[in-house]
**Student:** 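Below you'll find the structure I mean.
Each residue takes its place number in the sequence, starting with 1. Quick note: numbers below take in every heavy atom, side chains included, and nothing from hydrogens, waters or symmetry partners.
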Amino acid sequence: MELTVCIIDDDMVSQFASRYCIEQSSTNCRVIMCDNAEMGLRLFSDLFQEGKDLPDILFLDLVMDGIDGWEFLDKLKHITQWPIRTDIYILSAFANTKDRTRAKEHPMVQGYFDKPLSKDTLHRIFLEKMV
């Protein structure tokens with residue numbers, strides 16, 4: 001089974017590190033990169049409208065220019081007729097504990113992790129998705 005993983009992050013270094021970690025895992029994955037939340041919303045909207053499968057896993061940064069991660073989640077809920085089967089994980093530097101608490105309590109978010117994505121974190125996520 002191939003998983004589709006989407007990364008929405010405007011930081012090129014973080015994108016590279018996350019993609020590299022995913023590609024080095026032993027799990028068969030296709031990675032989709034979005035440089036900002038607007039691109040991510042277009043991707044999800046297009047896939048949903050065309051009746052195509054949405055990504056299995058989404059790693060979402062919170063702090064981005066334009067639409068931030070929280071706004072992305074609010075807009076995603078409306079364009080995809082929430083709930084969807086995509087597991088959403090916040091992958092952010094978490095400048096404050098308010099964001100951690102909000103992520104923990106948000107109904108659309110399965111988990112939250114500090115950057116950079118680690119092999120152990122990724123392994124746990126993949127195990128949960130495969131069960």
Side-chain angles (χ1 to χ4, degrees):
M1 172 181 157
E2 180 183 64
L3 292 176
T4 301
V5 178
C6 180
I7 300 168
I8 301 176
D9 195 329
D10 63 348
D11 180 343
M12 298 298 276
V13 174
S14 294
Q15 283 183 9
F16 176 81
S18 296
R19 179 180 214 132
Y20 182 78
C21 186
I22 293 166
E23 290 173 348
Q24 295 301 307
S25 75
S26 59
T27 305
N28 186 17
C29 291
R30 180 171 71 101
V31 179
I32 301 170
M33 303 297 298
C34 295
D35 293 337
N36 56 51
E38 290 88 348
M39 280 180 68
L41 286 170
R42 277 193 305 275
L43 170 74
F44 275 81
S45 178
D46 291 348
L47 291 172
F48 185 77
Q49 289 176 4
E50 294 168 11
K52 295 182 179 177
D53 289 337
L54 298 176
D56 299 294
I57 297 169
L58 169 62
F59 290 109
L60 177 65
D61 186 24
L62 290 178
V63 181
M64 295 181 279
D65 290 335
I67 297 174
D68 68 15
W70 299 121
E71 291 174 271
F72 172 86
L73 291 173
D74 289 340
K75 292 176 185 287
L76 180 66
K77 186 177 5 178
H78 298 291
I79 64 171
T80 59
Q81 299 173 349
W82 192 259
I84 58 174
R85 68 177 191 90
T86 302
D87 291 341
I88 300 174
Y89 297 91
I90 302 297
L91 185 61
S92 191
F94 288 112
N96 60 53
T97 56
K98 181 180 171 187
D99 282 335
R100 280 186 185 272
T101 302
R102 187 173 177 190
K104 189 175 183 178
E105 296 172 353
H106 199 288
M108 295 172 71
V109 176
Q110 272 67 40
Y112 54 94
F113 303 99
D114 292 331
K115 290 181 182 179
L117 186 61
S118 73
K119 288 181 184 180
D120 290 338
T121 297
L122 193 58
H123 182 71
R124 282 183 296 173
I125 291 169
F126 285 163
L127 278 178
E128 288 176 20
K129 192 65 177 177
M130 299 289 203
V131 175

**Student:** Would you mind reporting whether K115 and D61 have side-chain heavy atoms less than 4.5 Å apart?
**Tutor:**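 Counting from C-beta outward, D61 and K115 do come under 4.5 Å.
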**Student:** Does the T4 side chain pair with the main chain of R30, one donor and one acceptor, at a distance under 3.5 Å?
**Tutor:**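 Flag not set: sc T4 to bb R30 has no pair under 3.5 Å.
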**Student:** Let me check something: do M33 and Y20 share a hydrophobic cluster, defined by ILVMFWY side-chain heavy atoms less than 4.5 Å apart, either directly or through other members?
**Tutor:**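 No, M33 and Y20 fall in different hydrophobic clusters.
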**Student:** Just wondering, do L91 and S18 contact through their side chains at under 4.5 Å, heavy atoms?
**Tutor:**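 Sidechains of L91 and S18: in contact.
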**Student:** With rounding to the nearest 0.5 Å, note down the distance linking CG in N36 to CD1 in I8.
**Tutor:**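 Rounded to the nearest 0.5 Å, the CG-CD1 separation comes out at 8.5 Å.
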**Student:** Measure the spacing between NZ of K119 and CZ of R124 and express it to the nearest 0.5 Å.
**Tutor:**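 The CZ atom of R124 is 15.0 Å from NZ of K119, to the nearest 0.5 Å.
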**Student:** So with a 6.0 Å cut-off around CG of D65, is the heavy-atom count from everything else above 12?
**Tutor:**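 Count not over threshold, so no.
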**Student:** Are side-chain heavy atoms of I22 and L117 found at a separation under 4.5 Å?
**Tutor:**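 When only atoms from C-beta onward are counted, L117 and I22 do touch, with a gap below 4.5 Å.
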**Student:** Taking side chain as C-beta onward, heavy atoms only, is T27 less than 4.5 Å from K129?
**Tutor:**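 They are not in side-chain contact.
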**Student:** Who are the ring-ring contact (aromatic ring centres under 6.0 Å, His included) partners of H106, not counting sequence neighbours?
**Tutor:**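 Testing H106 for ring-ring contact (aromatic ring centres under 6.0 Å, His included), a comparison that skips the adjacent residues, returns W70.
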**Student:** List in chain and number order the residues that pass side chain to side chain contact (heavy atoms under 4.5 Å, CB included) with K77, two or more places apart in sequence or in another chain; answer none if no residue qualifies.
**Tutor:**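 K77 satisfies side chain to side chain contact (heavy atoms under 4.5 Å, CB included) with D74, W82, M108 only.
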**Student:** Using modelled atom types and a 3.5 Å cut-off, is there a donor and acceptor pairing between side-chain atoms of E71 and backbone atoms of D68?
**Tutor:**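 The answer is yes, because a donor-acceptor pair under 3.5 Å joins these two groups.
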**Student:** Is F72 close to L58 at the side-chain level, that is, under 4.5 Å between some pair of heavy atoms?
**Tutor:**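 The answer is yes, as the side chains (C-beta and beyond) meet within the 4.5 Å cut-off.
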**Student:** For the pair Y89 and F113, name the ring-plane relationship: parallel under 30°, tilted 30 to 60°, perpendicular over 60°.
**Tutor:**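 The arrangement is tilted - the two ring planes meet at 30° to 60°.
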**Student:** Tell me the closest heavy-atom pair linking I67 and A37, and the distance in Å.
**Tutor:**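 Heavy atoms of I67 and A37 come nearest at O-CB, 3.3 Å.
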**Student:** What's the separation between atom CG in L127 and atom CG in L122, rounded to the nearest 0.5 Å?
**Tutor:**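 CG of L122 is found 10.0 Å from CG of L127.
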**Student:** Heavy atoms only: give me the nearest L54-F48 pair and the separation to one decimal.
**Tutor:**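 Of all heavy-atom pairs spanning L54 and F48, the closest is CD2-N, 4.0 Å.
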**Student:** Between atom CZ of R102 and atom OG1 of T97, what is the distance when rounded to the nearest 0.5 Å?
**Tutor:**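 One finds 13.5 Å between CZ of R102 and OG1 of T97.
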**Student:** Are the side chains of L43 and C6 in touch, meaning some heavy atoms are under 4.5 Å apart?
**Tutor:**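 Heavy-atom side-chain distance check passes, below 4.5 Å.
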**Student:** Using a strict 4.0 Å threshold on nitrogen-to-oxygen distance, state whether E23 and R19 make a salt bridge.
**Tutor:**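 So E23 pairs with R19 through a salt bridge.
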**Student:** Evaluate the side-chain proximity of D53 to R85: yes if any heavy-atom separation is below 4.5 Å, no if none is.
**Tutor:**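 Contact flag for R85/D53 side chains = yes.
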**Student:** With rounding to the nearest 0.5 angstrom, report the CG to CD1 distance, L41 to I79.
**Tutor:**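 Between atom CG of L41 and atom CD1 of I79 there are 5.0 Å.
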**Student:** Counting only heavy atoms from other residues, nucleotides and ligands, does the tally under 6.0 Å from CD of Q81 exceed 12?
**Tutor:**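 No - once you tally the heavy atoms of other residues, nucleotides and ligands closer than 6.0 Å, there are 12 at most.
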**Student:** Check this for me: does any side-chain nitrogen of one of D114 and R100 sit under 4.0 Å from a carboxylate oxygen of the other?
**Tutor:**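 Salt bridge flag = yes for R100 with D114.
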**Student:** Do the non-hydrogen side-chain atoms of I88 and L73 ever get within less than 4.5 Å of each other?
**Tutor:**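 In contact.
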**Student:** Measuring from atom CG of D9 to atom OG of S92, what distance do you get when rounded to the nearest 0.5 angstrom?
**Tutor:**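 Taking CG in D9 and OG in S92, the distance rounds to 8.0 Å.
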**Student:** Taking only residues two or more places apart in sequence, or in another chain, which ones meet D35 in a side chain to side chain contact (heavy atoms under 4.5 Å, CB included)?
**Tutor:**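 Applying side chain to side chain contact (heavy atoms under 4.5 Å, CB included) to D35 gives M12, Q15, M39.
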